[in-house]
Amino acid sequence: MLTHPTLDQLHALGLHGMAKAFADIEAGGDAASLGHAEWLALLLEREASLRRDKRLSKRLQYAKLRQQACVEDIDYRTPRGLDRSLLTMLVEGQWIDDHANLLICGPSGVGKSWLASALGNKACRDNRSVLYQRVPRLFTDLALARGDGRHPRLLRALGRIDLLILDDWGLEPLDAAARHDLLEDRYGRRSTTVTSQLPVDQWHALIGDPTYADAVLDRLVHNAHRIDLNGESLRRTRKPDRKA
C-alpha cells in the first residue's frame, strides 16, 4: 500500500482523523503488527474522536458561556447551600430532555453565573445546543431586531435551543416589549436556566403587569428545579474562572 496516495485520498474524502491515524501508525512502526480489522478500528476511532471534538468546539463557540467552568470543578466545601444530590441529577442532564427549567438565585458573587456556565458546558459535551445570554443585553438585541425585521427569526432561533441560559435576571424592570418576548413559548419544548440576585417571590413585581407576570412565572417556575445560594462572595478570595 502506498502511503502518500492513501493519505491524499483520505484527505480528499474529508477523513482527516483517519489520515492522521494512518500517518501515525506508519511512522510508529506498528503497521506490520496490526491486522486489517485492527487497522480499520484504529482509523475509525480516530476519525470519530476528531469529529466529536469539532462538534463540541462548535457548540461551545455558539454557546458563548460567560465563564470557562466545568461541573467536575464544583466546590461543595464552601458553605453556600449547594445540594449535592440535586446537582448530581442536574449534571446527568435528563431534566433538559424533560424540558424542565432551572432557577439559580442568590447574592452577588456566590457563583450563580459560574454554576450556570458549568451546567451549560456539560450540556454541550452531551451534544445539546446551548446559548448564554445576559438578560439586559438580550432584551436590547430583541428591541433592535424589531426595528430591522429580524425579530421573528431571532425568536425562532431562541426557541430551538435545547438550553437557554438567562443570566442577571432582575437587574432592571421589564417594559411591555420585554414582557411580551418572555411569553415566547419554550415551556414544555425546551429548557431555560435563569440566574438572579432576586428571590423568586420578588419576580412578580419585577415583571410589572400582573397578567403578564402570572403567565411568565407559570412558564418559568411551574416545572423548575431551584438552587438558592447564600453565603459570602467567592470573588473576595478567588481569581476569575476558578472553581465555584
Side-chain angles (χ1 to χ4, degrees), residues 17 20 45-138 157-158 160-169 186 190-197 220 223-244:
K20 180 66 166 59
E45 175 55 34
R46 189 73 68 86
E47 181 67 30
S49 177
L50 178 64
R51 294 190 180 199
R52 284 194 299 268
D53 291 345
K54 285 184 175 180
R55 287 195 298 269
L56 175 58
S57 178
K58 289 181 179 180
R59 285 194 297 272
L60 289 171
Q61 185 178 14
Y62 180 81
K64 298 178 182 178
L65 299 173
R66 183 171 184 173
Q67 301 187 49
Q68 295 180 359
C70 297
V71 293
E72 291 81 3
D73 293 333
I74 294 175
D75 178 11
Y76 294 99
R77 296 171 299 177
T78 302
R80 53 190 172 133
L82 277 179
D83 183 334
R84 185 184 289 268
S85 62
L86 174 59
L87 262 297
T88 298
M89 182 276 294
L90 294 172
V91 168
E92 291 175 353
Q94 182 60 43
W95 64 283
I96 301 176
D97 293 337
D98 294 339
H99 306 143
N101 297 326
L102 172 63
L103 314 179
I104 307 176
C105 299
S108 177
V110 294
K112 301 183 299 298
S113 298
W114 192 100
L115 192 57
S117 295
L119 291 170
N121 174 276
K122 180 59 166 57
C124 286
R125 287 154 54 191
D126 291 340
N127 201 29
R128 298 181 174 101
S129 59
V130 178
L131 179 64
Y132 168 93
Q133 293 276 281
R134 290 190 67 251
V135 171
R137 177 60 183 272
L138 174 61
L158 292 173
R160 290 193 295 266
I161 295 164
D162 294 327
L163 177 60
L164 177 64
I165 299 173
L166 300 179
D167 197 13
D168 290 334
W169 164 268
R186 290 172 52 87
R190 296 291 187 270
S191 292
T192 304
T193 290
V194 180
T195 78
S196 179
Q197 296 183 34
L220 282 179
N223 66 337
H225 303 286
R226 294 175 58 171
I227 299 176
D228 294 308
L229 299 176
N230 51 58
E232 297 293 326
S233 172
L234 301 179
R235 298 192 185 111
R236 298 177 183 176
T237 57
R238 297 179 179 174
K239 296 179 181 179
D241 293 337
R242 291 190 61 184
K243 293 183 179 181

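All residue numbers in this chain count up from 1 along the given sequence. FYI, side chains are in, hydrogens and waters are out, and symmetry mates aren't considered; it's all heavy atoms of this structure.
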Practice problem: Kindly indicate, with the supporting measurements, whether the criterion side chain to side chain contact (heavy atoms under 4.5 Å, CB included) is fulfilled by I227 and D83. | Solution: CA-CA 8 Å; I227 299 176; D83 183 334; over 6 Å; no
Measuring from atom [atom1] of [X] to atom [atom2] of [Y], what distance do you get when rounded to the nearest 0.5 angstrom?
{"X": "S191", "Y": "D98", "atom1": "OG", "atom2": "CG", "value": "8.0 Å"}
{"X": "C124", "Y": "L60", "atom1": "SG", "atom2": "CG", "value": "4.5 Å"}
{"X": "W95", "Y": "N223", "atom1": "CH2", "atom2": "CG", "value": "10.5 Å"}
{"X": "S196", "Y": "D167", "atom1": "OG", "atom2": "CG", "value": "9.5 Å"}
{"X": "T193", "Y": "I165", "atom1": "OG1", "atom2": "CD1", "value": "5.5 Å"}
{"X": "D126", "Y": "D162", "atom1": "CG", "atom2": "CG", "value": "11.0 Å"}

Self-check item: D97/R128 ion pair, N-O < 4.0 Å
Solution: yes
Quiz item: Any Lys/Arg nitrogen of R66 or D168 sitting under 4.0 Å from an Asp/Glu carboxylate oxygen of the other?
Solution: yes
Quick one: does [X]'s side chain have a donor or acceptor within less than 3.5 Å of a partner on [Y]'s backbone?
{"X": "N101", "Y": "L220", "value": "yes"}
{"X": "K112", "Y": "V194", "value": "no"}
{"X": "S117", "Y": "S113", "value": "yes"}
{"X": "R84", "Y": "Y76", "value": "no"}

Nearest non-hydrogen partners of [X] and [Y], listed with the distance:
{"X": "L103", "Y": "A224", "answer": "CG-CB, 3.7 Å"}
{"X": "Q68", "Y": "W114", "answer": "O-NE1, 4.3 Å"}
{"X": "L163", "Y": "A123", "answer": "CD2-CB, 4.1 Å"}

pair [X]-[Y]: side-chain heavy atoms closer than 4.5 Å:
{"X": "V130", "Y": "R59", "answer": "no"}
{"X": "R190", "Y": "L158", "answer": "no"}
{"X": "L90", "Y": "H225", "answer": "yes"}

Exercise. May I ask you to check whether over 12 heavy atoms, not counting those of Q61, lie within 6.0 Å of atom CD?
Key: no
Quiz prompt | Residues E92, T88; criterion side chain to side chain contact (heavy atoms under 4.5 Å, CB included); working and verdict | solution = CA-CA 6 Å; E92 291 175 353; T88 298; 4.2 Å; yes
Practice problem: Could you check L87 against L115 for side chain to side chain contact (heavy atoms under 4.5 Å, CB included), going step by step and ending with a plain yes or no? | Solution: CA-CA 10 Å; L87 262 297; L115 192 57; 3.9 Å; yes
Quiz item: In terms of side-chain heavy atoms, does R52 have a donor or acceptor partner in N127 at a distance below 3.5 Å?
Solution: no
Exercise. Starting from the C-alpha separation in whole Å, work towards a yes-or-no answer on side chain to side chain contact (heavy atoms under 4.5 Å, CB included) for L164 and Q133.
Key: CA-CA 8 Å; L164 177 64; Q133 293 276 281; 4.3 Å; yes
